[in-house]
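Working notes, beginning with the structure itself.
We use all heavy atoms of the structure for the numbers below, so side chains are in, but hydrogens, waters and symmetry mates are not. Naming convention: chains lettered A, B, ... in sequence-line order (proteins, then strands); numbering from 1 in each chain.
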Amino acid sequence: MATSKPRVKVPKTASAGETVVIKTLISHEMESGQRKDKDGNVIPRKIINRFTCEFNGQPVFSCDIDPAISANPYFEFSAKVPESGTFKFTWVDDDGSTYTDEQKIEVK
Amino acid sequence: MKLDRRQALVLTGSAAFIAMAGLGVGPAAAAAEDTEKKIMDFTGGKAPESGKISLTAPEIAENGNTVPITVEVESAMTGDDMVQSVLILADGNPNPEVATFNFTALSGTAAATTRMRLAKTQSVIAVAKMADGSVFMDKKEVKVTIGGCGG
């Protein structure tokens, strides 16, 4: 997989102080480093090792990931929304590259 | 090619075996002491209590490649009554660590869902560390039946 495309589901609106559920999914093979190719060589580990979610620069949720997380890692968690703002999601790959996504939420 | 019932059974059996071998390669599964040590490292030597934390996992997972798990901790998420982090371990995998969830006051509730890999039938363990230093643990046995010859 050449590109890892994140997909994030955040409600468009919320009332102040409401706790909303956020669902995230990113396409990634999450090669565990345990498998061997057909010649018996170990396929090197390549996973997303960290996921973070921030709201207006404040940390909301983060996760340190080990190879036991399935391919195309999926995370569902909750966040409290005190005001209108932007959620920023970051995935960090073993090779150092990062994938980001941003979603706006409006408080009514 | 016409298969009688016996041949058909042998064929599905060997297909299942190949599927299992694909997951089972690598070093021997993590020993129970290793898992115990990981818990102690996480809690700072404190023995975890039961209660507060609940881990939801299927009793039987047909495909060990994607097993949905949900962890939830009872907490107001303010002041001292706050969950700092939750460690997920699987004692039968080549490496017991699965993931560590870190929560903040902005999390609202300490709950998270993900999908994990299980090499074989084993226990999944969730340990929660609270802001006041107390530690809680929950454990679920998951039967993994890849192609029907696991467990």
Taking side chain as everything from C-beta outward and backbone as N, CA, C, O, which of these in A:I22 sits under 4.5 Å from a heavy atom of chain B? Side chain, backbone, both or neither.
neither
Given 3.5 Å as the limit, does a donor-acceptor pair link the side chain of A:S78 with the main chain of B:S107, or not?
yes
Highest number of heavy-atom pairs under 4.5 Å with chain B: which of A:P67, A:S32, A:A68?
A:A68
When clusters are formed by joining ILVMFWY residues with side-chain heavy atoms under 4.5 Å apart, either directly or through shared neighbours, do B:I69 and A:I48 land in the same one?
yes
According to a 4.5 Å side-chain heavy-atom criterion applied to Ile, Leu, Val, Met, Phe, Trp and Tyr, with indirect links allowed, do A:W91 and A:M30 form part of one hydrophobic cluster?
yes
Between the side chain of A:S70 and the main-chain N/O of B:M116, is any donor-acceptor distance below 3.5 Å?
yes
At under 4.5 Å between heavy atoms, what parts of residues 51-65 of chain A are in contact with chain B? List them by residue number.
A:F55, A:Q58, A:P59, A:V60, A:F61, A:S62, A:C63, A:D64, A:I65
When rounded to the nearest 0.5 Å, the distance separating OG1 of B:T109 from CZ of A:F77 is 11.0 Å
Using 0.5 Å steps for rounding, measure from the OG1 atom of B:T78 to the NZ atom of A:K80.
7.0 Å
A:R45, CZ: over 12 other non-hydrogen atoms inside 6.0 angstrom:
yes
When rounded to the nearest 0.5 angstrom, what distance separates NZ in A:K23 from OG1 in B:T113?
9.0 Å
Determine whether A:R50 and B:T100 satisfy the following criterion, side-chain contact (heavy atoms from CB on, under 4.5 Å), listing intermediate values before the conclusion.
CA-CA 10 Å; A:R50 194 166 165 79; B:T100 313; over 6 Å; no
Would you say NZ of B:K139 has more than 12 non-hydrogen atoms from neighbouring residues, nucleotides or ligands within 6.0 angstrom?
no
Supply the atom-to-atom distance B:T114 OG1 to A:I69 CD1, rounded to the nearest 0.5 angstrom.
4.0 Å
Would you kindly confirm whether B:F136 and B:I88 end up in one hydrophobic cluster when ILVMFWY residues are joined by side chain heavy atoms under 4.5 Å apart?
yes
Hey, any chance A:V20 and A:F89 share a hydrophobic cluster, counting ILVMFWY side chains that come within less than 4.5 Å of each other, even indirectly?
yes
Interatomic distance, CD@A:Q34 vs CZ@B:R117, rounded to 0.5 Å, equals 9.5 Å
Does B:E59, at its CD atom, have more than 12 non-hydrogen atoms belonging to other residues, nucleotides or ligands within less than 6.0 Å?
no
Counting heavy-atom pairs under 4.5 Å with chain A, the top scorer among B:L106, B:V67, B:V86 is B:L106
Honestly, the part of A:P73 sitting under 4.5 Å from a heavy atom of chain B is neither
ILVMFWY network linking B:M130 to B:I39, side-chain heavy atoms under 4.5 angstrom
no
Please classify the contact between A:T19 and chain B as side chain, backbone, both or neither, with a heavy-atom cut-off of under 4.5 Å.
side chain
